[in-house]
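One structure is given below, encoded as structure tokens.
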Amino acid sequence: NAGVTQTPKFRVLKTGQSMTLLCAQDMNHEYMYWYRQDPGMGLRLIHYSVGEGTTAKGEVPDGYNVSRLKKQNFLLGLESAAPSQTSVYFCASSTLLAATSTDTQYFGPGTRLTVL
Amino acid sequence: KQEVTQIPAALSVPEGENLVLNCSFTDSAIYNLQWFRQDPGKGLTSLLLIQSSQREQTSGRLNASLDKSSGRSTLYIAASQPGDSATYLCAVDSNSGYALNFGKGTSLLVTP
């Protein structure tokens with residue numbers, strides 16, 4: 001049982017390049033999330049998904065796109081990377097605790113992205 | 001918008017001390033509150049989840065309390081050990097959506 005895995009672990013991009021971060025979970029969770037963590041800012045939600053084929057914007061969605069074609073995978077795309085997107089990106093997943101409350105969120109190990 | 005604040009931002013204690021980490025939130029309409037631990041360069045590990053109808057949760061040397069009406073939670077760590085050194089994050093699941101709102105964390109150092 002691997003939990004939540006993220007690929008790649010590290011990446012360096014030049015301004016304007018594109019890339020996709022992959023998140024995979026093997027816990028059959030309905031909900032998946034992408035966060036970014038920056039010094040002094042805490043974790044901020046980029047996008048999230050409440051099920052296969054659905055996505056929604058979080059607090060800081062600009063410059064990112066996501067897709068959830070399979071229940072176990074959640075992809076985060078940067079179409080034209082900018083230095084402001086230098087950050088550590090975390091994926092998480094959870095199931096439902098109640099009708100409108102999620103259970104414990106399980107986090108991946110993170111992807112450290114630098115945009116030059 | 002839900003705001004989550006953690007005090008102190010950093011804390012250093014000698015091994016064996018009991019300590020309390022504080023978390024406050026501005027909107028008391030929450031579904032649950034979660035405490036996480038983050039080691040340097042690693043992801044987050046869930047420690048405790050308190051549902052809005054609960055007052056506290058315990059796991060080993062950790063005890064988390066929730067006072068929803070006053071918008072406060074505390075994480076109590078008993079008999080601290082150097083292995084407890086990490087950043088502790090508080091997060092609330094509020095009625096603004098399914099996602100969590102995180103505090104900026106308390107960086108804890110337990111010295112031998």
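This is a predicted model, so every value here is computed, not measured. The analysis underlying the following values was restricted to heavy atoms, covering all of them including side chains, and did not include hydrogens, waters or symmetry mates. Below, chain A is the first sequence line, B the second, and so on; all start at residue 1.
For Gln37(A), the part sitting under 4.5 Å from any heavy atom of chain B is the side chain, from C-beta outward, and nothing else. When heavy atoms are compared at a cutoff of 4.5 Å, Leu89(B) approaches chain A solely by way of its side chain, counted from C-beta outward. Contact of Leu43(A) with chain B is made through backbone and side chain together, with heavy-atom distances under 4.5 Å.
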Quiz item: After noting the C-alpha distance and the side-chain angles of Ser69(B) and Asp67(B), does the key distance pass the side-chain hydrogen bond (donor to acceptor under 3.5 Å, both in side chains) rule?
Solution: CA-CA 6 Å; Ser69(B) 61; Asp67(B) 184 343; 2.8 Å; yes
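Environment of CD in Glu15(B): crowded, with over 12 heavy atoms of neighbouring residues, nucleotides or ligands closer than 6.0 Å.
The pair Arg44(A)-Asp38(A) meets the salt-bridge criterion, with a side-chain N (NZ, NE, NH1 or NH2) lying under 4.0 Å from an Asp/Glu carboxylate O.
The only member of Trp34(A), Tyr35(A), Tyr64(A) that meets side chain to side chain donor-acceptor pair (under 3.5 Å) when paired with Tyr89(A) is Tyr64(A).
Ranked by heavy-atom pairs under 4.5 Å with chain A, the list Val4(B), Thr87(B), Leu44(B) is led by Leu44(B).
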